[in-house]
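Right, one structure below, let's go through it.
As the structure is a prediction and not an experimental result, all values here were calculated from the model. Residue indices begin at 1 and follow the sequence shown.
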Amino acid sequence: MPRAEVLEQIYTIVAQIPEGKVTTYGRIANMTDGATARMVGSAMRHLPSGHGLPWHRVINASRRVTEHTGAVRQHEKLRAEGVVFDARGRVPQDMLWP
């Protein structure tokens, strides 16, 4: 698990991702001091229940939803916000934030 100050940076960035947009674990890592894409993934997996963060807007570097137990729910939440996926399950480049 990342240090508390790194977690705070990650969560602050995730909170800013607008509806209908996505970003990657790596992009978030690049915006923090000392985080890696894996740390961002770990931070998303360990969110406390009842949090209000839009975790579903964080995808992998190939612009796909990573396979995990919440992947179906993540797809549903993104589609409900207007995010589209191509035939290979990728989000178009123009939907990436920032």
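Linking ILVMFWY side-chain heavy atoms closer than 4.5 Å, directly or via other members, places Trp55 and Val65 in two distinct hydrophobic clusters. Using a 4.5 Å cut-off between side-chain heavy atoms of Ile, Leu, Val, Met, Phe, Trp and Tyr, with links allowed through other members, Met95 and Val58 fall into different hydrophobic clusters. Hydrophobic clustering, with ILVMFWY side chains joined whenever heavy atoms are under 4.5 angstrom apart, keeps Ile17 apart from Val83. Hydrophobic clustering, with ILVMFWY side chains joined whenever heavy atoms are under 4.5 angstrom apart, groups Tyr25 together with Val6. Note on Ile59 and Trp97: separate hydrophobic clusters, where clusters join Ile, Leu, Val, Met, Phe, Trp and Tyr whose side-chain heavy atoms are under 4.5 Å apart, directly or indirectly.
The side-chain heavy atoms of Asn60 and Thr24, taken from C-beta on, include no pair separated by under 4.5 Å. In this structure the side chain of Val91 reaches within 4.5 angstrom of the side chain of Phe85, judged on heavy atoms. At a threshold of 4.5 Å between non-hydrogen side-chain atoms, the residues Met44 and Ile10 count as touching. The shortest distance between side-chain heavy atoms of His68 and Arg45 does not fall below 4.5 Å.
Taking each heavy atom of Val22 and Leu78 in turn, the nearest pair found is CG1-CD2, 3.7 Å. Taking every heavy atom of both residues into account, Asp33 and Gln9 meet most closely at N-OE1, 2.9 Å. In terms of heavy atoms, Leu96 sits closest to Lys21 at O-CD, 4.3 Å. When all heavy atoms of Ala29 and Ala35 are compared, the pair lying nearest together is CB-O, 3.6 Å. Scanning both residues, Gln16 and Thr12, for their nearest heavy atoms gives NE2-O, 3.2 Å. Here the closest non-hydrogen pair linking Ala15 and Pro54 is CA-CD, 4.1 Å.
At a cut-off of 3.5 Å, with distance as the only test, no side-chain donor of His56 or Glu76 sits close to an acceptor on the other residue.
Ion pairing between a basic and an acidic side chain is recognised when a charged N comes within 4.0 Å of a carboxylate O; Glu81 and Arg57 show such pairing.
The 12-atom threshold is not exceeded at CD of Glu8, counting heavy atoms of other residues, nucleotides or ligands nearer than 6.0 Å.
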